[in-house]
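What you are looking at is a predicted structure, and each value in this text was computed from that prediction instead of being measured.
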Amino acid sequence: MKRRLRTRWYLVVLVLTLTTLFIGGSSQQAFGQALLNISVIDVEAGFPEIRTNIRLLDENNRVPTTVDPSMFDVYENGQRIEEFEIVESQDVPKLVALHVESGLFSTAGRDYGVSEIRSSFGSLVSGGYFATGTDTLILTERIFVDNKDQTVVVIEPTSTGNELPVGLGKISFDVINSDQGRTEGFKGLRDVLDLVDDTAAAGNIGQSALIYFVHNINWPVQTQQIQLAREIGALARDRGVQIYVVHANPKGEFPDPFELMAEESGGLYLNPSKDDNLIDRFEEIYLDLNSQSQTYTIRFDSQLVEPGIREIAVLPAGVPLDQAQAIGSVEVNPDPATVVIESRPRVERVPNATGTVLEPNFTPVLARVDGWPYPLKPGDLLSAELIVDGFVEETIDNPDPTTLQFTLNVSQFDNPGSTEVQVRATDNFGISATSDRTQFIIDVSPLIETAVDEEPLVVDPEPEPAPVSAPVSAGNLNIATLLPWILTAIMFLALVAGGIYFYRKIAELGSGVARDAYSRGGVREWTKTILGGSTGGKATVFATLKVLKGPSDLISEVVEIYSNNTTIGRDPAQCDILLYEQDTACSISGLHCTIQNDLGQFFITDSSNNGTKLNSNILMRDVPVELNHGDEILLGDLFRRGALLRFEIVDAAWSAEEDSGSQMKAPVMPTFNQEVKAQPEVKPQVLAEPVQDRDKTVLEFADDETENIDLPPNVLPSEMIPDIDDDDWQNKLA
């Protein structure tokens with residue numbers, strides 16, 4: 001009995017496992033089919049950015065309401081793009097085909113009135129749903145004429161809307177004429193779909209739709225009609241065409257094939273009554289038609305620097321590249337910049353008899369760079385080289401993007417003549433630009449020759465008598481005698497004054513800089529100017545910010561956070577961390593966001609104009625959000641000079657109180673309501689002159705001039721402790 005129960009239990013587990021796998025497989029398959037149709041409208045290249053405009057249709061042949069980058073894979077010349085952005089773009093040009101069934105008893109002109117029908121069709125243009133000069137219009141009719149059932153093109157594909165009333169006037173909408181033969185309506189729909197497909201392929205068409213005006217289908221029998229309607233709807237869906245059916249039968253007879261065809265293609269079915277305002281019912285179609293014109297733009301930076309054709313493939317995530325159907329191409333020609341040598345000196349060197357050069361051996365070489373295929377900022381130019389007679393003479397790393405300054409050593413040229421000089425600049429994409437060859441003229445005068453067999457005549461000059469020192473007395477003192485003593489006294493006084501000033505400056509830095517390190521000490525010392533000043537000492541590190549994306553010269557840099565309140569932006573008067581200079585055009589605001597430390601719990605508050613994202617979630621302005629270890633912070637827009645930072649909490653900044661048995665961790669730096677503890681050891685600081693061009697004095701330091709500032713090890717200066725009763729303490733600390 002136990003063995004039988006155990007066997008049944010195994011069967012239950014097996015069934016549940018297979019059910020889970022089946023459901024999971026079905027979900028993946030359904031997700032893979034969520035984007036049934038992706039069509040590339042066009043590709044634009046403004047190196048290095050590539051823009052691909054696409055139209056998306058889901059499994060119902062409708063534009064999806066939500067789009068996420070994880071739904072796509074993007075390839076450039078077969079190479080997968082890891083990072084790209086997808087945004088909504090403007091409505092695309094559309095193609096609208098109006099098709100009228102004019103066989104015997106197929107059009108209901110007598111039910112609605114010919115003028116009402118023509119006005120309803122004409123409202124496509126008069127109502128502003130058709131953009132003249134942009135959209136394309138086709139008018140066709142299925143008619144029995146000359147003993148033949150055929151599709152007639154009344155208006156060839158045109159972008160001129162005023163042709164529609166003329167074309168509608170050619171259609172009689174007459175259903176009483178007994179001479180009119182019956183038509184096979186579904187064949188006419190196939191003809192129109194072929195015409196729409198050919199027209200869309202030949203032009204810049206993003207959206208295609210077919211509006212079908214019909215009373216009844218007289219052939220074949222209804223069971224076959226349903227099958228043919230399903231096939232027509234599926235064919236339209238595969239081609240990305242939506243069919244809108246106006247069933248002009250007030251009695252609503254035999255609606256099944258028309259409803260099925262509209263639903264299968266992702267369009268709409270309308271059956272207006274005699275009392276309906278026909279124009280209003282047509283506008284339902286036009287409004288839905290415009291709602292399906294939404295497109296999207298995929299943007300990314302090209303991973304190739306060579307000029308040529310870029311084939312951009314966009315396909316649903318997980319679909320192999322060889323199955324991609326949405327492929328567009330564009331020619332990219334990232335032409336290099338223009339480099340012009342502006343200095344063309346004539347170098348003259350005159351050696352003497354011993355070969356010593358009497359004239360300078362160096363001459364400047366100045367070059368101008370402009371015309372890069374994309375805007376350059378400092379740091380974008382990778383290197384610049386001075387080439388002399390085909391050999392690299394001097395290399396400059398990360399030079400100025402517009403002006404290059406070299407120094408040419410001409411001492412190597414011993415013979416008169418000329419030398420060829422070139423300047424080559426290379427940007428961070430590896431694109432190089434080289435100047436034309438410039439001739440530098442070198443004039444070398446010959447050495448002074450002397451006879452070998454004759455000794456030069458040397459005449460010893462007569463020795464001058466030694467000066468006789470006269471005794472100095474009060475009567476013969478003059479300015480010349482006192483001048484050395486006066487200069488010595490001035491130098492002594494200057495040294496004394498410098499020592500006093502130096503001593504006072506040490507004392508001032510000992511308190512003022514350390515105080516600034518506490519109140520605005522959240523910024524690590526950087527030699528790069530765009531990240532602000534120094535911390536003023538080695539304080540406790542609470543956390544760090546690593547630059548993942550942003551300014552190229554700051555990527556992978558780590559900023560240490562010491563302060564309980566750290567501001568980030570590009571305004572030096574408001575922020576502790578500056579990612580761009582204040583006058584740089586970027587998407588980071590003057591005061592972009594604030595990171596706060598509250599007893600070891602961190603919060604971030606957005607105060608920007610261009611937004612802040614925390615782990616891809618948009619933060620509400622002025623609302624603090626908890627910040628955890630490893631979170632990624634996106635400031636602004638990366639495509640408009642934003643920055644991506646990773647926040648990490650430093651374990652060394654916390655100490656466990658083992659003696660008391662508490663498991664709580666607290667920061668070493670005291671908060672405003674805590675008793676003042678020992679001040680951390682102060683890091684050697686750099687002395688510099690104060691800068692007075694801001695609201696308060698800020699000390700700026702050079703890298704190679706440092707002095708020690710000693711503070712008592714267990715005393716925190718009283719100026720650094722905020723008064724909790726003073727509501728304005730934050731402004732004072734700022």
Side-chain angles (χ1 to χ4, degrees), residues 47-48 301-302 304-307 332-352 354-447 526-530 551-557 581 584 702-704:
F47 190 83
D301 281 346
S302 175
L304 307 173
V305 298
E306 299 81 6
V332 178
N333 292 307
D335 296 329
T338 302
V339 181
V340 178
I341 297 178
E342 295 185 334
S343 58
R344 299 184 179 181
R346 183 184 184 92
V347 182
E348 296 183 358
R349 297 192 306 110
V350 184
N352 61 9
T354 61
T356 302
V357 176
L358 303 180
E359 297 295 332
N361 287 338
F362 300 92
T363 183
V365 179
L366 182 66
R368 185 186 75 254
V369 187
D370 54 22
W372 287 101
Y374 60 95
L376 281 179
K377 61 180 183 298
D380 283 347
L381 202 58
L382 188 64
S383 65
E385 298 169 315
L386 176 64
I387 304 173
V388 180
D389 289 336
F391 297 94
V392 177
E393 186 74 18
E394 182 181 356
T395 301
I396 304 176
D397 295 328
N398 299 116
D400 183 87
T402 58
T403 304
L404 306 177
Q405 178 74 54
F406 300 91
T407 301
L408 176 61
N409 184 356
V410 298
S411 63
Q412 58 185 308
F413 307 116
D414 297 328
N415 299 316
S418 63
T419 184
E420 289 186 346
V421 177
Q422 288 179 285
V423 172
R424 179 169 58 207
T426 304
D427 71 352
N428 54 359
F429 283 95
I431 301 177
S432 296
T434 306
S435 69
D436 294 334
R437 292 179 174 86
T438 300
Q439 299 293 329
F440 273 50
I441 306 301
I442 308 296
D443 283 351
V444 181
S445 300
L447 295 175
W526 294 83
T527 59
K528 303 177 181 62
T529 59
I530 62 174
S552 58
D553 56 335
L554 298 179
I555 292 178
S556 299
E557 295 284 1
E581 293 185 356
T584 300
D703 291 335
D704 55 349

- Report the C-alpha distance between I387 and V423 in whole Å, list the side-chain angles of each, state the deciding distance to 0.1 Å, and finish with yes or no for side chain to side chain contact (heavy atoms under 4.5 Å, CB included). CA-CA 6 Å; I387 304 173; V423 172; over 6 Å; no

- Message: Give me each pair satisfying salt bridge (Lys or Arg N to Asp or Glu O under 4.0 Å) with a member in residues 381-394, each pair once, sequence neighbours excluded.
- Response: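 Those involving residues 381-394 are E385-R424.
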
State, yes or no, whether a side-chain contact exists between [X] and [Y] at a heavy-atom distance under 4.5 Å.
X    : Y    : result
N398 : D553 : no
D397 : S383 : yes
L304 : V332 : no

Quick one: [atom1] on [X] to [atom2] on [Y], what's the gap to the nearest 0.5 Å?
X    : Y    : atom1 : atom2 : answer
E342 : R368 : CD    : CZ    : 4.5 Å
Q422 : T438 : CD    : OG1   : 8.0 Å
I431 : T426 : CD1   : OG1   : 10.0 Å
S552 : L382 : OG    : CG    : 9.5 Å
I396 : Q405 : CD1   : CD    : 8.0 Å

Of the non-hydrogen atoms in [X] and [Y], which two are nearest, and what is the gap between them?
X    : Y    : answer
V339 : T434 : CB-C, 4.3 Å
L381 : P399 : O-CD, 3.5 Å
T338 : V340 : CG2-CG2, 3.8 Å

